[in-house]
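Residue numbering restarts at 1 for every chain, and letters A, B, ... go by the order of the sequence lines.
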There are 2 protein chains.
Amino acid sequence: MTMPVSTEMRDGLREHRRKLTRPRQAILDIIASAAHHLTPAEIHKLARKKYPHLGLVTVYRTLDLLTEFGYVQRVHFADGCHSYAASAQEHAHHLVCSSCGKAQAFADCDLEPLIASLQRKTGYEINLHVLELMGKCPDCSTRAVALGKNGKRK
Amino acid sequence: MTMPVSTEMRDGLREHRRKLTRPRQAILDIIASAAHHLTPAEIHKLARKKYPHLGLVTVYRTLDLLTEFGYVQRVHFADGCHSYAASAQEHAHHLVCSSCGKAQAFADCDLEPLIASLQRKTGYEINLHVLELMGKCPDCSTRAVALGKNGKRK
DNA sequence: ATGCTAATCGAAAATCTTTTTCAATTACAC
DNA sequence: GTGTAATTGAAAAAGATTTTCGATTAGCAT
Ligand SMILES: [Mn+2]
Ligand SMILES: [Mn+2]
Ligand SMILES: [Zn+2]
Ligand SMILES: [Zn+2]
């Protein structure tokens, strides 16, 4: 009933008028058949077994493409980040403006029900969570309307 | 009523029997008085105004320390990550084992109430969120009990 | 005060990760 | 087949973070 993941990704490329090259096929196969989430370097290493000539640059480019189209997803770690803030309270999360970078902290994440339910279902002992929200702050929203723009930062 | 943030951090260092050096004071002052979250490089640049000799290495080391003690918090971005997984569904999050790295996806994050409430309170137009849970998977929990261990990966 | 010592520092080099450049190659629409 | 824009990989650049190691220093014990 369900279409193979790799087939879906291939069709996705075609739909977006992108070429289905041998390097990309090798990468697609690895991601589609992987049991775990993989880093670009890991994907490169594995995909090279099928297509030894494959460059790491192509892995990065293909991952960007697949992420953009939604066929691949980033998995975040607690320490895969690059910015720090003084903790006002014990526990806090942030709402970061995707346009100007301004952030606002909040503490009431209320994830306990979700966490309890997942612990029950999966048997994991959950002891940490990363929750960050992104969007346009009021200032940037206003400015965007005024300029008729909708650009992202960077 | 509330104690200044920098004082808290200083006391924290003392409590943990760490030295309160001039380089650390400079870093503490910057973080405590910052309105935004700052990258290590930004903190370095700013703190150098107070203590020009300051090395970037010390910034990294101090941030590790303060994070460990809970006086500083990481702020995550949507793209500050290094691992990818094929998306099974449109929307998904992950439960990652902090010991072996094994991950499990889930989709029912149910953040709408929180998001709606924050949009109302802050005026942000929230359009993206990062939610990842970390903990020990059943296998690793069992193994830990068997070995009487409690170590983290890496 | 003075000395002791473990903690800490910073420069430099080593490691990694990711991006940019650019000339050569290739998928694929016609 | 041919033409052309998309794609590729080597190499270099750019960035971020960690390791090394000899010099310095905070904080405690005389
Ligand atoms: Mn929370
Ligand atoms: Mn979600
Ligand atoms: Zn903004
Ligand atoms: Zn595990």
Side-chain angles (χ1 to χ4, degrees), chain A residues 9-30 37-69 72 74-84 152-154, chain B residues 9-30 37-69 72 74-84 152-154:
Chain A
M9 291 199 255
R10 263 159 230 203
D11 292 351
L13 283 182
R14 285 205 198 88
E15 279 167 29
H16 289 272
R17 304 226 188 100
R18 298 315 186 90
K19 294 181 180 175
L20 182 52
T21 62
R22 284 194 59 205
R24 280 181 184 168
Q25 291 194 45
I27 295 170
L28 257 43
D29 285 345
I30 293 304
H37 45 115
L38 302 168
T39 63
E42 287 168 342
I43 292 168
H44 181 225
K45 194 171 184 180
L46 290 171
R48 269 195 152 177
K49 291 179 184 171
K50 290 275 179 171
Y51 188 73
H53 209 57
L54 182 67
L56 178 57
V57 208
T58 299
V59 175
Y60 277 101
R61 289 191 282 228
T62 303
L63 286 173
D64 283 350
L65 212 61
L66 294 176
T67 303
E68 189 183 339
F69 298 162
V72 141
R74 300 180 208 269
V75 176
H76 299 265
F77 294 103
D79 54 359
C81 73
H82 304 285
S83 199
Y84 297 81
K152 287 247 172 177
R153 179 172 60 152
K154 227 188 150 181
Chain B
M9 290 200 255
R10 263 159 231 203
D11 291 351
L13 282 183
R14 285 205 199 88
E15 280 167 29
H16 290 271
R17 305 228 187 99
R18 299 314 186 93
K19 294 182 181 176
L20 182 51
T21 62
R22 283 194 58 203
R24 281 180 183 169
Q25 291 194 44
I27 295 169
L28 257 43
D29 285 344
I30 293 303
H37 46 116
L38 301 167
T39 62
E42 288 168 342
I43 293 169
H44 181 226
K45 194 172 183 178
L46 291 171
R48 268 195 154 178
K49 291 179 184 171
K50 289 275 179 171
Y51 188 74
H53 208 58
L54 182 68
L56 179 56
V57 208
T58 300
V59 174
Y60 277 101
R61 288 192 279 227
T62 303
L63 285 173
D64 283 351
L65 212 62
L66 294 176
T67 303
E68 189 184 337
F69 297 161
V72 141
R74 301 180 206 269
V75 177
H76 299 264
F77 294 103
D79 53 1
C81 72
H82 305 285
S83 199
Y84 297 82
K152 287 243 172 180
R153 178 172 60 153
K154 226 186 148 186

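- Checked against side chain to side chain donor-acceptor pair (under 3.5 Å), B:Arg61 has no partners two or more places apart in sequence or in another chain.
- Taking atom CD1 of residue A:Ile27 and atom P of nucleotide D:dT7, one finds them 12 Å apart after rounding to whole Å.
- C:dC9 atom P lies 13 Å from atom CG of B:Leu56, rounded to whole Å.
- Applying the side chain to side chain donor-acceptor pair (under 3.5 Å) rule to A:Arg22 yields no partners; only residues at least two apart in sequence or on another chain are considered.
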Please output the side-chain donor-acceptor pairs of residues 51-58 of chain A that fall under 3.5 Å, not counting sequence neighbours, one pair per line with the distance.
none

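- One interatomic measurement links the two molecules: OH of B:Tyr60 to C1' of C:dA11, which rounds to 16 Å at whole-angstrom precision.
- Between B:Asp64 atom CG and C:dT8 atom C1' there is a gap of 14 Å when expressed in whole angstrom units.
- Applying the side-chain contact (heavy atoms from CB on, under 4.5 Å) criterion to B:Leu66, with sequence neighbours excluded, gives B:Met9, B:Leu28, B:Ile31, B:Thr62, B:Tyr71, B:Val72.
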ask   = Which nucleotides of nucleotides 24-30 of chain C have their base under 4.0 Å from a protein heavy atom (B), which only their sugar-phosphate (S), and which neither (-), written as one string 5' to 3'?
value = --BBS--
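- Distance CZ (B:Arg17) to P (C:dT5): 19 Å, rounded to an integer number of Å.
- B:His16 places its NE2 atom 15 Å from the P atom of C:dA7, with the value rounded to the nearest Å.
- Considering only residues two or more places apart in sequence or on other chains, B:Arg14 meets the side chain to side chain donor-acceptor pair (under 3.5 Å) condition with B:Asp11.
- Atom C1' of nucleotide D:dT18 and atom NE2 of B:His44 are separated by 15 Å, given to the nearest angstrom.
- Across the interface with DNA chain C, nearest-nucleotide mapping of B:Val57 and B:Arg24 shows B:Arg24 to be the residue nearer the 5′ end.
- Rounded to a whole Å, the CD atom of A:Glu42 is 11 Å from the P atom of C:dT18.
- Under the 4.5 Å side-chain criterion, counting only non-hydrogen atoms from C-beta, B:Leu65 is in contact with B:Arg24.
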